[in-house]
Amino acid sequence: MAVQITTLVCPQCGSGRCTKAAGTPNLFACSACGTEFVLSDSNAPKEMRVIHSMDAGQFNSLKSLKYLPLGLGVVVALAVAAPLVLSMLRAAVPAAVDHGQLQASTVYETANGQFNVVRVLEKTEGRSDDYQILVNSLDNGKKLAEPLALSYQRTTLSQNPQLAHFSDGSIFLIMNAQKLFRLDQSSARFMPLDDELVNRHASQLGTGISSIELAGSDKPDALIVTSNRGERFYVYWLTQQILPLARLYEDFRQRPFASYTETLQSYAFATLDVGSAASSPGLLVRYTQKVRAGEYPKRPELSMQSSQEEQVKALSGDYQRITADWVVMDKMLRESGVTELRLVEPVQKRYRGVVLAQNAQRVLIVFNTTPVTDQGRVLQLLDLATGQPVWSRTLEQLPQITGNGSYLSADGLPSGFYLRSDERTPSLLIDNQGQILHDFSPKRG
């Protein structure tokens, strides 16, 4: 007799939602969990077949588990091998050469308009100061010559290196106030000049040289050289002239300027005699000075007095009137070979003014608009012919220049200017329109 079933329960999940499956006798399926099972009478062998189903995502997830032991093994192997691999890579890549700290720098421009940078770097080892002088292309950093290596024992008389551009475009380097070099731009090498310096002026320097330094800004192209006898001289390398320090001013005043036919136009800040030197007020002037080829240059020291001063009124014949408000001593102009002096518009008092550098087209100046040291400092490019500004920026607009511009210096190049915040900190290379050609300041994150 057949088995009579009134309620069929799933043997897997206990659901009563079971229906007969088509195609196989006594085969039923649970619509709740998908389990299939077979029923027979009580005398027949009993059989149950359970089938679990899942979607494709579950299947792929479970299938990938078979690779888990292999993946874990790879991770462990990499963790063990990584330090060794990194060590091998470091050994394979050459470490950057540490030449030391930058002590002096400049940029020069070649005849084809390429800019090259000169750097003097120092490393200190014990009581020794070791230097590397490098010359590289500013465009791609390519080394143009093998670095010059120098070493000096450090003493209380040790001096920082000095780089200078002379008026003929040559670059001179003084190392530790003892050695003089000139850059041979064709080979990008610094050539020693000590023997030539002594041989040129054997009667004054034949006993040897004790020290060498650059002269002041009013004496371009000049060195101050001290002999081993303790005598000090101004040495003008380009004109091959030498003068004891005490004789320079008298020698210059005795020049027969009336016979000179060549002139040179320059700019300066004429100090104002207003009874308050602390604030250093001045007026920007353009002057024409008589010069002669083969003679050393010297810039005049210019100052002005108010036309309302009692002394000026009493001795009016001794003064040359520049404007209704300002006059200058006629003797000072005459003894400096200055034939023309005029104020640069706008005529206004400027403080801590400095003419930084000049080339054939432009003059670079810096000044304060107020007596306050850290306020209103302005950098300007002037047209050499007219004195009018072609570019002007406050130092707040030039974050590359640090230290409020108190120690700002510059070198003039044919098509621009190289600026340093101080002797050790390069800042900018700009062209004659004030456009930034290169930013030397550390990159800000």
What one should report as the nearest heavy-atom pair of Gly282 and Leu272 is CA-CG, 4.0 Å
Determine the minimum heavy-atom distance between Gln400 and Ser441, stating which atoms define it. CG-OG, 3.5 Å
Atom of Ala410, atom of Ala357 and distance for their closest heavy-atom approach: O-CB, 3.9 Å
For side chain to side chain contact (heavy atoms under 4.5 Å, CB included), just list the numbers for Val117 and Tyr108, CA-CA rounded to whole Å, side-chain angles, deciding distance to a tenth of an Å, and then say yes or no. CA-CA 7 Å; Val117 60; Tyr108 67 95; over 6 Å; no
Would you call Arg182 and Glu196 a salt bridge, using N to O less than 4.0 angstrom? no
Would you say the side chains of Asn112 and Thr110 form a donor-acceptor pair under 3.5 Å? yes
Compute the centroid of each ring, for Tyr418 and then for Phe440, and state whether the two points are separated by less than 6.0 Å. yes
Using atom types as modelled and distance alone, determine if a side-chain donor or acceptor of Asn359 lies under 3.5 Å from a backbone N or O of Leu413. yes
When you measure from the centre of the six-membered ring of Tyr296, is the NZ or CZ of Arg255 closer than 6.0 Å and no more than 45° off the axis? yes
Measuring from atom OG of Ser158 to atom CD of Gln178, what distance do you get when rounded to the nearest 0.5 angstrom? 7.5 Å
With no hydrogens and no angle check, is any side-chain donor or acceptor of Ser427 less than 3.5 Å from a backbone partner on Arg420? no
Looking at every heavy atom in both Tyr267 and Val344, which two are closest together, and how far apart are they? CE2-CG2, 3.9 Å
Leu429 vs Leu419, side chain to side chain contact (heavy atoms under 4.5 Å, CB included): CA-CA, chis, key distance, verdict: CA-CA 6 Å; Leu429 175 65; Leu419 287 82; over 6 Å; no
Does Thr239 use its side chain to pair, donor to acceptor, with the backbone of Glu295 at less than 3.5 Å? no
With side chain to side chain contact (heavy atoms under 4.5 Å, CB included) as the test, would you mind laying out the steps for Gln114 and Ser137 before giving the verdict? CA-CA 8 Å; Gln114 176 182 322; Ser137 166; 3.9 Å; yes
Nearest heavy-atom approach of Tyr319 to Leu315 is CD1-O, 3.1 Å
Is the distance between the ring centroids of Phe166 and Phe172 under 6.0 Å? yes
Check Val198 against Gly206 and note the closest heavy-atom contact, atom names and distance. CG1-CA, 4.2 Å
Under 3.5 Å donor-acceptor, Arg377 side chain and Gly405 backbone: yes
As a quick check of understanding, evaluate side chain to side chain donor-acceptor pair (under 3.5 Å) for Glu109 and Ser415, giving each step before the final call. CA-CA 8 Å; Glu109 186 176 356; Ser415 64; 2.8 Å; yes
Indicate, with yes or no, if the rings of Tyr260 and Phe257 have centres closer together than 6.0 Å. yes
Would you confirm whether Asp184, through its side chain, and Ala188, through its main-chain N or O, come within 3.5 Å as a donor-acceptor pair? no
